[in-house]
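Worksheet: the structure to be examined is printed underneath.
Excluded from the calculations below are hydrogen atoms, water molecules and symmetry mates; all remaining heavy atoms, backbone and side chain alike, are included.
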Amino acid sequence: MNDNRFSCAAILLFWLAIPGLAQEPLPILFNQNFEGASLGRVEKLGDTTFRCYVEGQYDERGRNRQASWFYFRLDRVQGRDITLTLTDFIGEYNDKPGAVPVDAESFPMFSYNNRDWKHFPAMDWDNEKKEQTIRFKPEQDSIWIALQAPYTWSDLLKLLADLERSPHAVVEVIGKTAQNRDLHQVTVTNPKVPEVGKKTVWLQARQHAWESGTSFVMEGALRWVVSDDAKARALRDKVIFKFTPMLDPDGCATGKVRFNANGYDVNRHWNKVDLRHPELLRQMPEIWYAKKAILAHHAAQPIALMVNLHNTNTEFIDTEATDDASQAMFRKFFDTLVAQTHFDPTRKLGFRMNASSDANSLYREAKVPICLMELRTLKGPKLGRTVTYKDRLEYGAQLIRVMAETALEPK
């Protein structure tokens, strides 16, 4: 019997060695069965050539389609010449059709382990069809592809677990999302120093699930502010640091773009969310609970400076603050970031004259000195290259330090 088994194996090897009789490669698999993944229809044009349609997301009215996120994995690809065309980016923004979130400089990213991400070195852009085409030969059998480095709900939970071991941090659940995930608030200060006389700074991120760059900034800020760095230790004596680290965990977990599970934009409607109305709590719990926490703290101990983080193709800061002291503070904040960090604004500090519906409306409602900060996703002059998630982590530490030092300066 042993001889028969040996003979069968030898015949199989001989058969595979005959030219033209070797097995064909298995079909390439598209996989999005993991956290934060998103991809629409895939059109097969050849064995290794595909057109991939970005899924996108609509608001509660079926309007404002946003196609700002894709994240998927290819399997069975090692050594094969792959061509992917990413398409269906055209959508609508603020009820104006024709919005396209990417352009000729929006190079997709790849990873072989879903942790270390790099930009593809080349990409063809069809400006008429608004399509990206990437050609590559993977070095491993699986490759993850995304618009930018992902940061998931699970990543945040790991970070929060680390923070809970710090004597300087308090992690709290302030509410539940539309899909019943926890909404967190983190407070960092020196508990041995009385809070009377301390300044409060507040950092908020991930109102839009696709803006994963803001979560890396948030992590960099949180890890630095609880660290043994001499400046961090000194600032904890004088400052209460508040963080709402992820306002749309549902979208971050399920691969959505900018609307909650009920279709509401988490960076709109802040001016309409009245904490006295339960229907607004049901529709937009993410805004409702965050707004409640912010206003409650501000009433008890005024917030000195709040930053609402976002990322897009450009980089800037806007505020609706109108009083002289707040405007002077934001000018100092803006100038310090430009001088001391890789913050590279594409325009001057913006003072909005018209009331908005986003989180900046907290100034008009309760005089919270808040600004919106957009961070560049593309190549910038100061860095001379496209920003990476490691740059974001470093910037987070710099940002929270500058926020605290700005708040402590005499008015």
Side-chain angles (χ1 to χ4, degrees), residues 34-38 55-61 64-71 91 93-94 101 146-160 171-186 202-219 222 242-270 272-273 280-294 306-312 357-362 370 372-375 377 392:
F34 53 90
E35 187 181 19
S38 179
E55 182 180 28
Q57 187 186 18
Y58 294 85
D59 69 13
E60 81 281 7
R61 301 169 299 145
N64 287 309
R65 178 179 183 268
Q66 298 285 298
S68 309
W69 182 245
F70 55 85
Y71 176 31
Y93 184 71
N94 287 344
L147 176 73
Q148 58 184 23
Y151 193 106
T152 65
W153 166 236
S154 293
D155 291 327
L156 175 65
L157 294 181
K158 292 175 185 176
L159 170 63
L160 295 177
V171 179
E172 302 171 83
V173 174
I174 59 173
K176 294 284 187 177
T177 67
Q179 294 182 336
N180 207 39
R181 289 182 176 86
D182 289 340
L183 288 166
H184 293 97
Q185 173 185 273
V186 181
W202 199 302
L203 187 62
Q204 180 163 279
R206 215 62 184 279
Q207 287 181 269
H208 295 147
W210 84 269
E211 297 172 4
S212 56
T214 67
S215 283
F216 289 104
V217 175
M218 176 63 71
E219 175 161 339
L222 281 163
K242 289 280 190 175
F243 304 87
T244 32
M246 185 177 283
L247 256 63
D248 187 15
D250 292 347
C252 296
T254 60
K256 297 301 185 258
V257 184
R258 65 181 294 133
F259 309 117
N260 77 352
N262 296 325
Y264 291 93
D265 191 321
V266 188
N267 195 43
R268 299 292 188 271
H269 316 291
W270 281 69
K272 297 178 182 178
V273 170
L280 296 171
L281 170 59
R282 288 189 289 269
Q283 292 173 344
M284 297 171 271
E286 300 83 5
I287 298 174
W288 197 95
Y289 285 116
K291 185 172 181 178
K292 180 183 178 183
I294 293 164
M306 181 172 180
V307 173
N308 185 26
L309 287 172
H310 291 265
N311 66 226
T312 187
S357 62
D358 62 24
N360 270 5
S361 64
L362 289 171
I370 178 174
L372 177 146
M373 176 181 288
E374 290 280 6
L375 300 174
T377 58
R392 298 286 195 214

My understanding is that only residues two or more places apart in sequence, or in another chain, count here; which of them pass salt bridge (Lys or Arg N to Asp or Glu O under 4.0 Å) with K291? E365

Qualifying residue, where the test is side-chain hydrogen bond (donor to acceptor under 3.5 Å, both in side chains) with H310 and the options are E211, R206, E374: E211

Please report the closest heavy-atom contact between W69 and A146, naming both atoms and the distance. CH2-CB, 4.5 Å

Could you tell me whether the side chain of L156 reaches within less than 4.5 Å of the side chain of P249, counting heavy atoms only? no

Treating D250 as the side-chain partner and Q179 as the backbone partner, does any N or O pair qualify as donor plus acceptor under 3.5 Å? yes

Closest approach of L375 and L309, non-hydrogen atoms and distance? CD1-CD2, 4.1 Å

The side chain to side chain contact (heavy atoms under 4.5 Å, CB included) partner of W153 among D248, T177, T254, D182 is D182

For the student: nearest non-hydrogen atoms of N267 and D358, plus distance: O-CB, 3.0 Å

What distance separates L147 CG from W210 CH2, expressed to the nearest 0.5 Å? 6.0 Å

CG of L157 to NE2 of H184: how many Å apart, nearest 0.5 Å? 6.0 Å

What pair of heavy atoms forms the shortest contact from I287 to R268, and how long is it? CD1-O, 3.0 Å

Side chain to side chain contact (heavy atoms under 4.5 Å, CB included) between F70 and E55, intermediate numbers included: CA-CA 8 Å; F70 55 85; E55 182 180 28; over 6 Å; no

CG-CH2 distance between L183 and W288, expressed to the nearest 0.5 angstrom: 11.5 Å

Would K272 and S357 satisfy side chain to side chain contact (heavy atoms under 4.5 Å, CB included), going step by step from the backbone distance to the final call? CA-CA 7 Å; K272 297 178 182 178; S357 62; 5.8 Å; no

Under the criterion side chain to side chain contact (heavy atoms under 4.5 Å, CB included), I'd like the reasoning laid out for R392 against V217: C-alpha separation, chi angles, the key distance, then a yes or no. CA-CA 5 Å; R392 298 286 195 214; V217 175; 3.8 Å; yes

Of the non-hydrogen atoms in V307 and M373, which two are nearest, and what is the gap between them? CG1-CB, 3.9 Å

Backbone N/O of R61 and side chain of D59: donor-acceptor pair under 3.5 Å: yes

What's the separation between atom CZ in R258 and atom CG in D265, rounded to the nearest 0.5 Å? 4.0 Å

Side chains of L203 and M218 in contact at under 4.5 Å (non-hydrogen atoms): yes

Flag if over 12 foreign heavy atoms under 6.0 Å of NZ, K176: yes

N360 side chain to L372 main-chain N or O, any donor-acceptor pair under 3.5 Å? yes

Sorted by chain and residue number, the ring pair (Phe, Tyr, Trp, His ring centres under 6.0 Å) partners of W270 (sequence neighbours excluded) come out as none

Distance, nearest 0.5 Å, that separates CG of N260 from NZ of K256: 12.0 Å

A293 backbone acceptor or donor facing Q185 side chain under 3.5 Å: no

Return the CZ to CG distance between R282 and L280, rounded to the nearest 0.5 Å. 9.0 Å

If we count only N and O atoms by modelled type, under 3.5 Å, do the side chains of N311 and H208 hold a donor and an acceptor together? no

Within the distance-only criterion (no hydrogens, no angle test), does the side chain of Q66 pair as donor or acceptor with the backbone N or O of V257 below 3.5 angstrom? no

Ignoring hydrogens and geometry, is there a side-chain-to-backbone donor-acceptor pair from E286 to A178 under 3.5 Å? yes

Are the side chains of R181 and M246 in contact, using a 4.5 Å heavy-atom criterion? no

Atom of Y58, atom of F259 and distance for their closest heavy-atom approach: O-CD1, 3.3 Å

With distance as the sole test, does T244 use its side chain to make a donor-acceptor pair with the main-chain N or O of Q204 at under 3.5 Å? no

